[in-house]
Enquirer: 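Quick one: the structure is below, questions incoming.
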Amino acid sequence: MPNDPITVFGGSGFLGSAIVHELLGAGHAVRIAARQPTLPAWVKESDPLSLVSADIRDEASVADALDGAGGVVNAVSLYVQGRKTRFDEIHVEGAGRLARLATAAGIKRLVHISGIGSDSRSRSPYVRARARGEAEVIAEFPKAVIVRPSVLFGPRDAFLSNLAELTRLPVIPLFGRGDTLLQPVHVVDVARAVVRLLGGNPPHWRIYELGGPDVIRYRDILTLLLTYLERRRPLLPVPFPLWHLVALAASVLPNPPLTRDQVILMQQDNCVSEAVGTFAELDVVPRAMRDCLPECLTTT
Ligand SMILES: NC(=O)c1ccc[n+]([C@@H]2O[C@H](COP(=O)([O-])OP(=O)(O)OC[C@H]3O[C@@H](n4cnc5c(N)ncnc54)[C@H](OP(=O)(O)O)[C@@H]3O)[C@@H](O)[C@H]2O)c1
């Protein structure tokens with residue numbers, strides 16, 4: 001039914017809440033599913049938005065969250081695994097469960113959020129889990145669309161705000177020589193792409209990789225931020241083996257500021273590849289990060 005709600009798993013997260021906002025703006029009814037779902041601060045009383053408590057690891061709660069939905073988005077994340085929750089539980093088994101139950105519920109559209117660089121042969125358990133999760137989703141829901149964003153930026157993001165904090169140090173350590181290429185993408189542009197994929201004609205591609213208009217070296221992003229923030233700091237190349245030692249030492253902390261998976265991710269470029277769908281097919285013109293610094297760094 002056209003007015004059946006779209007269930008957004010992880011709809012209270014950074015990307016998920018942007019997707020919820022854009023879906024409401026496009027006239028959809030929306031259901032936010034998360035372990036502790038919360039209403040966004042911007043919500044209006046008249047918005048057709050509801051909350052449902054669901055854990056992607058729990059069969060019954062996922063089935064409840066999908067009941068009567070017209071479409072579903074999986075924007076659940078786990079960046080750091082611990083003894084209690086492993087990557088596979090969320091990114092492979094959870095993703096597969098959601099896809100299987102969506103098929104059983106007769107849901108027409110499923111958009112699964114993954115990330116550029118997902119690779120079943122990676123040294124990183126996180127990156128391997130993302131690749132295996134994608135395969136699981138396609139096996140359980142063959143018409144699912146996989147969306148792989150590059151690194152996300154936007155107001156109250158983790159990316160630019162953490163880098164801006166780094167520029168307070170007297171010397172800024174680089175990952176290697178800082179040559180890794182990134183293609184930062186605005187969270188709202190990805191959200192708009194997801195809305196496109198949920199409505200209208202069936203999408204042409206099974207996988208969409210979404211990156212911003214600029215491919216930028218990590219060190220050049222820092223230089224851009226330093227210029228914007230009017231700070232002068234030297235950039236210090238730090239070899240990757242040293243970063244792996246730092247991540248190993250940090251792994252004993254309850255909330256490690258850096259993980260081995262993040263170091264491995266920074267060892268390879270994170271840009272849109274070929275033979276995948278892109279923003280161009282979705283009529284979304286992504287905005288450049290340099291133009292968005294004022295809205296993203298207002299409190300820095
Ligand atoms: N941020 C980036 O730069 C970036 C880049 C590329 C790809 N991505 C991908 O985009 C997706 C969303 O990332 P994000 O950064 O927006 O994540 P986020 O801000 O950390 O939000 C995660 C969401 O998932 C929910 N969640 C976590 N565990 C859950 C569980 N067991 N069951 C149900 N819901 C659960 C959280 O709510 P509760 O805690 O209340 O459950 C929250 O709503 C992920 O797949 C991520 O890998 C992100």
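Residue numbers run from 1 in the order of the sequence given. Order of appearance sets the numbers: ligands from 1, and atoms from 1 within every ligand. These numbers come from a predicted model, not from an experiment.
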Enquirer: Compute the shortest N/O to N/O distance between Gln36 and ligand 1 and return yes if it is under 3.5 Å, no if not.
Expert: yes
Enquirer: So is Ala158 touching ligand 1 or not, going by heavy atoms under 4.0 Å?
Expert: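 No heavy atom of Ala158 comes that close to ligand 1.
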Enquirer: Any idea which part of Phe153 is under 4.0 Å from ligand 1, heavy-atom wise: side chain, backbone, both or neither?
Expert: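 None of Phe153 does.
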Enquirer: Determine, using heavy atoms of His91 and all atoms of ligand 1, whether some pair is separated by less than 4.0 Å.
Expert: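 No, that is not the case, since the closest heavy atom of the residue is not under 4.0 Å from the ligand.
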Enquirer: With a cut-off of 6.0 Å (strictly less than), are more than 12 heavy atoms of other residues, nucleotides or ligands near CG of Asp291?
Expert: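 Enclosed: over 12 neighbouring heavy atoms sit under 6.0 Å from CG of Asp291.
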Enquirer: Of the non-hydrogen atoms in Cys271 and Ile116, which two are nearest, and what is the gap between them?
Expert: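 Looks like O-CG2, 3.6 Å.
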Enquirer: When you check the gap from the basic side-chain N to the acidic O, do Arg86 and Glu89 get nearer than 4.0 Å?
Expert: no
Enquirer: Does the N or O separation between Leu15 and ligand 1 drop below 3.5 Å for any pair?
Expert: yes
Enquirer: Could you tell me whether Phe9 approaches ligand 1 through its side chain, its backbone, both or neither, with non-hydrogen atoms closer than 4.0 Å?
Expert: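 It is neither; nothing of Phe9 touches ligand 1.
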Enquirer: Side chain, backbone, both or neither: which part of Arg148 has a heavy atom under 4.0 Å from ligand 1?
Expert: neither
Enquirer: Any side-chain heavy-atom pair from Tyr208 and Leu282 closer than 4.5 angstrom?
Expert: yes
Enquirer: Give the numbers and elements of all ligand 1 atoms closer than 4.0 Å to a heavy atom of Tyr126.
Expert: 47 (O)
Enquirer: For the 3.5 Å polar cut-off, considering only N or O atoms, please tell me whether Gly16 and ligand 1 meet it.
Expert: no
Enquirer: Counting both backbone and side chain atoms, is some N or O of Pro37 under 3.5 Å from an N or O of ligand 1?
Expert: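 In this structure, Pro37 places no N or O atom under 3.5 Å from an N or O of ligand 1.
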Enquirer: As a check for students: among Gly10, Gly11, Gly13, identify the option with a heavy atom nearest to atom 21 (O) of ligand 1.
Expert: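 Checking each option, the heavy atom nearest atom 21 (O) of ligand 1 is found in Gly13.
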Enquirer: Closest heavy-atom contact between Ser124 and Asp261?
Expert: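 Closest approach of Ser124 to Asp261: OG-OD1, 2.6 Å.
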Enquirer: Quick one: which of Glu59, Glu140, Glu136 gives a salt bridge (Lys or Arg N to Asp or Glu O under 4.0 Å) with Arg97?
Expert: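 Testing each of Glu59, Glu140, Glu136 against Arg97, the sole residue satisfying salt bridge (Lys or Arg N to Asp or Glu O under 4.0 Å) is Glu59.
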Enquirer: Which ligand 1 atoms are under 4.0 Å away from a heavy-atom of Ser150?
Expert: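 In order of number, 5 (C), 6 (C).
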Enquirer: Please state whether Ser114 comes within less than 4.0 angstrom of ligand 1, counting heavy atoms only.
Expert: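 Yes, Ser114 has heavy atoms under 4.0 Å from ligand 1.
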Enquirer: Is Arg35 salt-bridged to Asp55, going by a charged N under 4.0 Å from an acidic O?
Expert: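 Not counted as a salt bridge, because no side-chain N and carboxylate O are separated by less than 4.0 Å.
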Enquirer: List ligand 1 atoms under 4.0 Å from Ile56, heavy atoms only on the residue side.
Expert: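 Checking each atom against Ile56, I get 30 (C), 31 (N), 32 (N), 33 (C).
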Enquirer: Quick check: Phe14 and ligand 1, any N/O pair under 3.5 Å apart?
Expert: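 Yes.
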Enquirer: Are Phe9 and Arg31 side-chain neighbours, meaning at least one heavy-atom pair lies under 4.5 Å?
Expert: no
Enquirer: Which one of Ile32, Val147, Val76, Val62 has a non-hydrogen atom at the shortest distance from atom 26 (N) of ligand 1?
Expert: Val76
Enquirer: Thinking salt bridges, do Arg196 and Asp283 make one under a 4.0 Å N-O criterion?
Expert: yes
Enquirer: Using a heavy-atom cut-off of under 4.0 Å, does the side chain or the backbone of Ile90 touch ligand 1, or both, or neither?
Expert: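 Ile90 to ligand 1: side-chain contact only, backbone stays beyond 4.0 Å.
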Enquirer: Counting from 1, what ligand 1 atoms have a heavy atom of Ala54 closer than 4.0 Å?
Expert: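 Atoms satisfying the 4.0 Å criterion: 32 (N), 33 (C).
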Enquirer: Could you check whether any side-chain heavy atom of Ile6 comes within less than 4.5 Å of a side-chain heavy atom of Leu198, counting everything from C-beta outward?
Expert: yes
Enquirer: Going by heavy atoms in the side chains, are Val20 and Ser12 under 4.5 Å from each other?
Expert: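 With C-beta onward as the side chain, the pair stays apart.
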Enquirer: Would you mind finding which of Ile113, Leu152, Val8 brings a heavy atom closest to atom 11 (C) of ligand 1?
Expert: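 It is Ile113 that holds the nearest heavy atom.
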Enquirer: Pull out every atom of ligand 1 sitting under 4.0 Å from any heavy atom of Ser12, numbered as shown with elements.
Expert: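 Matching atoms, with element in brackets: 37 (O), 42 (C), 43 (O).
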Enquirer: Less than 4.5 Å apart, side chain to side chain, heavy atoms only: is that true for Leu98 and Val72?
Expert: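 When only atoms from C-beta onward are counted, Val72 and Leu98 do touch, with a gap below 4.5 Å.
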